[in-house]
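Here's the structure, in structure tokens; my notes come after.
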Amino acid sequence: MAEAADFQGTSASPARRWLRRTGALLAGAPLLAGILQLPAATSADATGQESPQVASSAGSVSVAIDSLSPSAPSEGDTVTVSGTVTNNGKQTVTGAHVDLQVGPPLETRSAIDTLAKKSDDLQGPSGEKVGGKYTEKFSALTPGVAEPFSISVPADKLDLGDDGVYQLAVALSGKASAQPWEQVLGIQRTFLPWQPEEASTRTKTTFLWPLISSAHMAAETGSNEQQTPVFRDDELAEEIAPGGRLDQMVSLGKGLDVTWVVDPDLLASVDAMTGSYQVRSADGSTTPGKNQEVAKHWLAELQQAVTGEEVAALPFGDPDLASLAHNGRNVTGSLNHLKEATDAADETVETILHVKPSTDFVWPVDGAVDPAIVKVATSAGADKVITRSDSLQDNLSYTPSAARPIGGGTTAVVADSRMSTAFQGDLTKASASTLAVQRFLAQSLTLGLQTSKQRSVVVAPQRMPSVSQAQTMAEALAALEDGNWAESQDLTAAAKAKPDPAANTKVPPASTYPRSLRAQELPQAAFQQIATTQGKLDKFKVILTRQSRVVTPFGRAMNREMSTSWRGKDVAALAYRNGIESYLDGLIDSVKLIEKSETKLSGRSATIPVTVQNNLVQGVEHLQLRLTSQNPTRLKIGGDDYEEQRVTVNGGHSQSVKFTTSANANGQAKVVAQLYTEDGRPYGAAVTFDVKVTEVTPTVMLVIGGGVLLLVLAGFRMYTQRKRAAAREAAEDDTAEAGDETDGPQSQVDAPQNPETSGARLEQETGAGSRADGPEQPSDPAPDTAAESADPSGTGERVDR
């Protein structure tokens, strides 16, 4: 990006001063070259030069600037520079002293970048030493030992000229035994913004303060009425606990004039923690969460912090717009999820924070855009895209305002890339943090001095700053607010600012999208899996009596599946998606048919019960149970091939549905039971079982009837025979009595046996259903064999299985 070649506003006085200094250095160059050719034992003091020569072994002593106060001094201020020097060599450094050196103003923003990359280079420019009493001496620097220093100097002693950014260097000079002459052994450069008077035109600056986290909640909820939420881990509690990352973001941002950029999913997750919740352990078990008070405190602090400030709500779950544009746009339903996430943002933020958020902003990762990203970003209704100047570049000598119309009623809000990336990297060390603050302020002031035109600048830092990064951001922003060249502005105002007509408004082509960012995107397979899960949910929800208990948590979970927080975490993202789909499969399987064993049908018609089990908490309805005979010539269901019945089952209950069957022939018939939704789509797995049909054909019934008739006839014949036999026995008894009276006892012995009588008695003793002796009794029951076996079973009887 081109920048101004000249630093506007610089007067002739400092220019002449630096020209004289440069001339003096050039004049002394031959003498210095001669000195460097002297033997090594020659002391640098013998040259008469104030500045010590540069050490041949650069960087043997490291210099760290841990603090610079004030960061942007004004007239009458005293500048204090503190830090440490550490001897990294193997030899003790003697005669060591720390000096401050002030270099010429840096006229361009690219010059600041160059100096920042070589901040500890001994060969680079170091400026003019302040000298005098503003130095700190050490008798010796022992190897490996860090020694603190602190130098305070009045601002008017720094010989600063007109407004601008000056190089401020801290240099350590001393002697080593191998090279016993004074030399610069270590240096650290930073930036000193100098704007003692209020600028005539202040740069309006918007600083985005992001409250974004990764996905912590699962789709799973408790079976109770409150639907106790389940968290994947307890990391969110650590982030919002005192000293945690999100706790620091709130406490630091509370006193700053910023635009809060919030992921509604974070608010919903913390709000869920204020009540009863469960935390899943590594072994899959869940334990009760214990951080309700921490969650309540964090939300209360946030509600107080955002009062009177602008809140911009991202779509729920902070979906990855670039991944959607490049890999998910052609997968059915993906853009619908983005629309749902956008719609959920407004209600979530307003309900929890009690403020009306702005929902017309979207923020692609690192502000990188191409035509597809812009198209997807605006498809859900947002008309303002937060991008960055290293993506939507300008070929201008100055930095234009952030707002750019890019067509179709869409505004690109272009954040300044230099200021936005100033707080990346490891800032846990005080020295790194201090350099980041000074560099940020230097870029801001230099930008403001480029032109006298009023401009609006936006700073969009990384999405999830660490604690040290957040602390550095807060320090830099507080210094900027105290400075004389910038003023705060909210994001909506920046988006509405008058665009610079010379600024670039053409969205860069897809070929310029960074490969490093594309490599981290969610693959197309991820969106296909999300679509599969959505399809299952659509089939499942139609049978529920209380759809919101399932649709809402799963809808939010699928929003989280598209989150930008999954970038570079392919394995974890896949595990999360698999967990969501697996849990839904378990819920769907909670409504199912009970398996049946072989069923025996011992009559022409009977009922077959099929049981539907509902293990959900809520009831199910709008289901049809179809029972189909695969051999209708042998077995019909309800007089046809199949029969359907409507099914409604309360939560936690089972219901048996009875189907009337009719048999036409003996043998085995296969029957299939299947649940269907009202729109005719199969639901769950079918249950197949066999029905064994016996003794049901007309021929069999005729044989059974004939057998009954034969039994009746046989009984009647035996009855008549018994009557005749009894009559004959009575006649014989009368004859015998008459004989006894005539012949006496001997006649009983000699009397011949009557063959007919003997045969009748034998038949009586062996006849079926007859008694061996004695006459028929009126109370004897009639045989019931025929009644028990001949009639078909009634339609209401249960079937043996």
Side-chain angles (χ1 to χ4, degrees), residues 213-242 244-247 263-299 316-318 344 348 352 529-530 533-534 536-537 540-541 544 546-563 565-566 569 571-592 613-620 651-653:
S213 186
S214 56
H216 296 285
M217 291 183 67
E220 182 179 355
T221 59
S223 59
N224 54 354
E225 185 65 26
Q226 294 75 25
Q227 287 190 267
T228 301
V230 177
F231 284 72
R232 300 171 54 240
D233 49 52
D234 213 15
E235 292 180 1
L236 182 56
E238 298 175 4
E239 288 193 289
I240 64 175
R245 186 182 72 84
L246 290 172
D247 172 73
D263 177 8
D265 177 37
L266 171 61
L267 301 182
S269 299
V270 178
D271 186 61
M273 290 178 60
T274 60
S276 176
Y277 70 98
Q278 295 283 320
V279 179
R280 186 167 299 284
S281 303
D283 60 0
S285 61
T286 58
T287 56
K290 302 177 180 179
N291 293 285
Q292 287 83 356
E293 294 304 318
V294 172
K296 292 177 182 178
H297 176 75
W298 187 83
L299 280 180
F316 193 100
D318 188 22
T348 302
I352 297 175
Q529 185 176 10
I530 294 171
T533 302
Q534 182 63 56
K536 293 179 179 180
L537 180 62
F540 180 48
K541 70 181 182 181
L544 302 176
R546 300 171 64 184
Q547 295 185 6
S548 61
R549 284 181 62 92
V550 173
V551 173
T552 300
F554 273 101
R556 300 291 79 82
M558 282 184 278
N559 293 146
R560 297 183 188 106
E561 288 178 331
M562 300 191 301
S563 174
S565 63
W566 297 120
K569 303 175 183 177
V571 175
L574 177 61
Y576 184 76
R577 295 194 301 271
N578 288 342
I580 300 300
E581 186 175 8
S582 177
Y583 179 57
L584 179 58
D585 289 339
L587 292 181
I588 294 173
D589 194 52
S590 295
V591 180
K592 60 183 179 181
Q613 186 179 60
N614 177 17
N615 289 327
L616 298 174
V617 176
Q618 62 175 301
V620 295
H653 289 75

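Positions are given from 1 along the sequence.
Q227 places no side-chain N or O within 3.5 Å of a backbone atom of T221 that could act as its donor or acceptor partner. A donor-acceptor pair is defined here as one N or O able to donate and one able to accept, closer than 3.5 Å; such a pair exists between the side chain of Y277 and the backbone of N291. Of the possible donor and acceptor atoms, one in the side chain of D263 sits under 3.5 Å from a partner among the backbone N and O of G317. Although no hydrogens or angles enter the test, the distance criterion places no donor-acceptor pair under 3.5 Å between the side chain of Q618 and the main chain of G651. Without hydrogens or angle criteria, E220 side chain to V230 main chain gives no donor-acceptor distance under 3.5 Å. A donor-acceptor distance shorter than 3.5 angstrom exists from the side chain of T348 to the backbone of A344, with no hydrogens or angles considered. Between the side chain of N559 and the main chain of S563, no donor-acceptor pair closer than 3.5 Å is present.
The side-chain heavy atoms of M273 and F231, taken from C-beta on, include a pair separated by under 4.5 Å. Side-chain contact between S285 and R280: absent, with no pair of heavy atoms (C-beta onward) separated by less than 4.5 Å. Residues L537 and Q534 meet the side-chain proximity criterion, which asks for heavy atoms closer than 4.5 Å. Taking 4.5 Å as the limit, some side-chain heavy atom of F540 sits within range of a side-chain heavy atom of L616. Side chains of D585 and D589 form no contact here, defined as non-hydrogen atoms less than 4.5 Å apart.
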Subject >> Trace of the side chain to side chain contact (heavy atoms under 4.5 Å, CB included) decision for K592 with Q613 >> reply: CA-CA 5 Å; K592 60 183 179 181; Q613 186 179 60; 3.6 Å; yes
**OP:** Quick one: do L246 and L236 satisfy side chain to side chain contact (heavy atoms under 4.5 Å, CB included)? Show the steps, please.
**Re:** CA-CA 9 Å; L246 290 172; L236 182 56; 4.0 Å; yes
Original post:
How far apart are the C-alpha atoms of T287 and S281, what are their side-chain angles, what is the distance that settles it, and do they pass the side chain to side chain contact (heavy atoms under 4.5 Å, CB included) test?
Top reply: CA-CA 7 Å; T287 56; S281 303; 4.3 Å; yes
Original post:
Under the side chain to side chain contact (heavy atoms under 4.5 Å, CB included) criterion, do R556 and D265 qualify, and how do the steps go?
Top reply: CA-CA 8 Å; R556 300 291 79 82; D265 177 37; over 6 Å; no
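Side-chain atoms of S213 and E239 form a donor-acceptor pair, as typed in the model, at a separation below 3.5 Å.
Residues that satisfy the side chain to side chain contact (heavy atoms under 4.5 Å, CB included) test with S548, not counting sequence neighbours, are T552. For D271, the side chain to side chain contact (heavy atoms under 4.5 Å, CB included) partners are T274, L299, I352, not counting sequence neighbours.
Heavy atoms only, all atoms of each residue included: Q292 and S276 are closest at NE2-CA, 4.1 Å. Among all heavy-atom pairs drawn from V294 and A241, the shortest one is CG1-CA, 3.7 Å. In terms of heavy-atom proximity, I580 sits nearest to F554 at O-CE2, 3.6 Å. Here the closest heavy-atom approach between residue A219 and residue A557 is recorded as CB-CB, 3.7 Å. For the residue pair G222 and R549, the shortest heavy atom distance occurs at O-NH2, 3.9 Å. Listed here is the closest heavy atom pair of G289 and V279: CA-CG2, 4.1 Å.
For the atom pair CG (D318) and CZ (R560), the distance works out to 13.0 Å, reported to the nearest 0.5 Å. Summarising the geometry, atom CG belonging to D247 is positioned 6.5 Å from atom NE2 belonging to H297; distances are rounded to the nearest 0.5 Å.
A salt bridge does not link E235 with R245: none of the charged nitrogens is closer than 4.0 Å to a carboxylate oxygen.
The aromatic rings of Y576 and W566 are tilted relative to each other, their planes meeting at an angle between 30° and 60°.
Among the candidates M558, Q529, E561, the single residue satisfying the side-chain contact (heavy atoms from CB on, under 4.5 Å) test with E581 is Q529.
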